[in-house]
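Each remark here refers to the structure printed beneath this line.
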Amino acid sequence: MKTAIICKLQVEGVHQWSKCPIEEVKFLRNPHRHIFYIVCEKEVFNDDRDVEFIVFKRKITKYLNKYSNGEYLEFNNMSCEMIARELLYEFELLKCEVFEDNENGGIVYA
């Protein structure tokens with residue numbers, strides 16, 4: 001049996017897919033804004049929260065601030081999957097989900 005905590009957060013950010021080969025969505029080549037919805041799932045090893053989720057969420061938020069320009073996060077050419085993978089490795093997650101505007105996104109599993 002595994003037990004996990006879940007932290008959900010949303011951040012305003014801009015990214016682009018500068019090498020998008022699909023003409024139908026060529027607008028993705030340009031920087032565009034989203035609210036990124038992020039769900040981080042981290043294993044814990046007891047029921048008395050060896051990882052407290054409020055503190056953990058603050059750590060994730062602080063980490064993401066490295067992308068901040070003072071107004072929003074600049075993810076440049078990072079996809080949802082790339083953001084999720086980075087968070088998965090940085091915080092030793094079981095799973096990380098990143099969605100654009102809470103509609104479409106990616107999931108990375110450990």
Side-chain angles (χ1 to χ4, degrees):
M1 178 184 305
K2 285 187 178 184
T3 303
I5 60 166
I6 296 173
C7 290
K8 295 181 178 182
L9 58 146
Q10 59 187 47
V11 296
E12 181 181 9
V14 171
H15 74 161
Q16 66 193 52
W17 186 11
S18 60
K19 295 182 180 180
C20 176
I22 306 164
E23 281 301 310
E24 185 178 356
V25 289
K26 65 182 178 185
F27 58 86
L28 297 175
R29 297 173 190 157
N30 301 314
H32 52 279
R33 175 198 179 271
H34 293 290
I35 298 298
F36 290 90
Y37 289 80
I38 300 169
V39 182
C40 296
E41 185 175 317
K42 182 166 180 66
E43 186 173 18
V44 292
F45 299 98
N46 67 58
D47 293 340
D48 199 20
R49 259 191 237 133
D50 49 315
V51 178
E52 203 294 316
F53 47 66
I54 295 170
V55 173
F56 187 57
K57 182 177 178 178
R58 289 176 182 163
K59 287 180 182 180
I60 296 166
T61 301
K62 183 177 179 179
Y63 178 81
L64 288 172
N65 277 333
K66 73 180 191 172
Y67 293 105
S68 179
N69 68 8
E71 291 183 46
Y72 53 83
L73 303 183
E74 292 186 46
F75 289 118
N76 300 310
N77 281 298
M78 293 179 74
S79 66
C80 292
E81 297 87 341
M82 290 173 188
I83 296 166
R85 183 169 284 107
E86 182 175 326
L87 292 172
L88 185 109
Y89 287 127
E90 181 66 26
F91 293 101
E92 300 176 336
L93 304 175
L94 296 173
K95 177 174 79 171
C96 188
E97 306 174 11
V98 178
F99 294 90
E100 297 173 346
D101 306 314
N102 214 16
E103 293 179 335
N104 306 304
I107 302 174
V108 178
Y109 300 90

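Numbers here simply count residues along the sequence, with the first being 1. Quantities reported herein were computed from a predicted structural model and do not represent experimental measurements.
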How far does [atom1] of [X] sit from [atom2] of [Y], to the nearest 0.5 angstrom?
X	Y	atom1	atom2	answer
Phe53	Lys8	CZ	NZ	12.0 Å
Glu97	Tyr37	CD	OH	14.0 Å
Ile5	Glu52	CD1	CD	7.5 Å

Check the hydrophobic clustering (I, L, V, M, F, W, Y; side-chain heavy atoms under 4.5 Å; chains of links allowed) and say if [X] and [Y] are grouped together.
X	Y	result
Ile38	Val51	yes
Val11	Phe99	no
Tyr89	Phe75	yes
Leu9	Ile54	yes
Val44	Val39	no

Worksheet item: Does Lys57 have any salt bridge (Lys or Arg N to Asp or Glu O under 4.0 Å) partners at least two apart in sequence or in another chain, and if so, which?
Response: none

Fill in: Residue list, side chain to side chain contact (heavy atoms under 4.5 Å, CB included) with Asp48, at least two apart or on another chain
Asn46

Worksheet entry | Verdict with supporting geometry, Leu88 and Leu94, side chain to side chain contact (heavy atoms under 4.5 Å, CB included) | CA-CA 7 Å; Leu88 185 109; Leu94 296 173; over 6 Å; no

Grab the two heavy atoms, one from [X] and one from [Y], that are nearest each other, plus how far apart they are.
X	Y	result
Met82	Met78	SD-CA, 3.6 Å
Val14	Phe36	N-CE1, 4.2 Å
Phe56	Cys7	CD2-SG, 3.5 Å

Discussion item. For Phe91, is there any backbone N or O sitting under 3.5 Å from a side-chain donor or acceptor partner on Lys42?
Written reply: yes

Worksheet item: Are any side-chain N or O atoms of Asn77 and backbone N or O atoms of Ser18, one a donor and one an acceptor, separated by less than 3.5 Å?
Response: yes

Discussion item. Looking at Lys66 and Glu86, is any side-chain nitrogen of the basic one under 4.0 Å from a carboxylate oxygen of the acidic one?
Written reply: yes

Worksheet entry | Name of the residue among Ile107, Asn104, Val108, Val98 meeting side chain to side chain contact (heavy atoms under 4.5 Å, CB included) with Cys80 | Val98

Using a 3.5 Å cut-off and no angle test, enumerate the donor-acceptor pairs between side-chain atoms of residues 27-35 and protein atoms at least two apart in sequence or in another chain.
| from | atom 1 | to | atom 2 | distance (Å) |
| --- | --- | --- | --- | --- |
| Arg29 | NE | Cys20 | O | 2.9 |
| Arg29 | NH2 | Cys20 | O | 3.1 |
| Arg29 | NH2 | Glu23 | OE2 | 2.8 |
| His32 | ND1 | His15 | O | 3.3 |
| His32 | ND1 | Asn30 | O | 2.8 |
| His32 | NE2 | His15 | NE2 | 3.3 |
| His32 | NE2 | His34 | NE2 | 3.4 |
| Arg33 | NE | Glu12 | OE2 | 2.8 |
| His34 | ND1 | Asp101 | OD2 | 2.7 |
| His34 | NE2 | His15 | NE2 | 3.4 |

Item to complete: Under the side chain to side chain contact (heavy atoms under 4.5 Å, CB included) rule, what do Leu64 and Leu87 come out as? Steps first, then yes or no, please.
Response: CA-CA 9 Å; Leu64 288 172; Leu87 292 172; 4.0 Å; yes

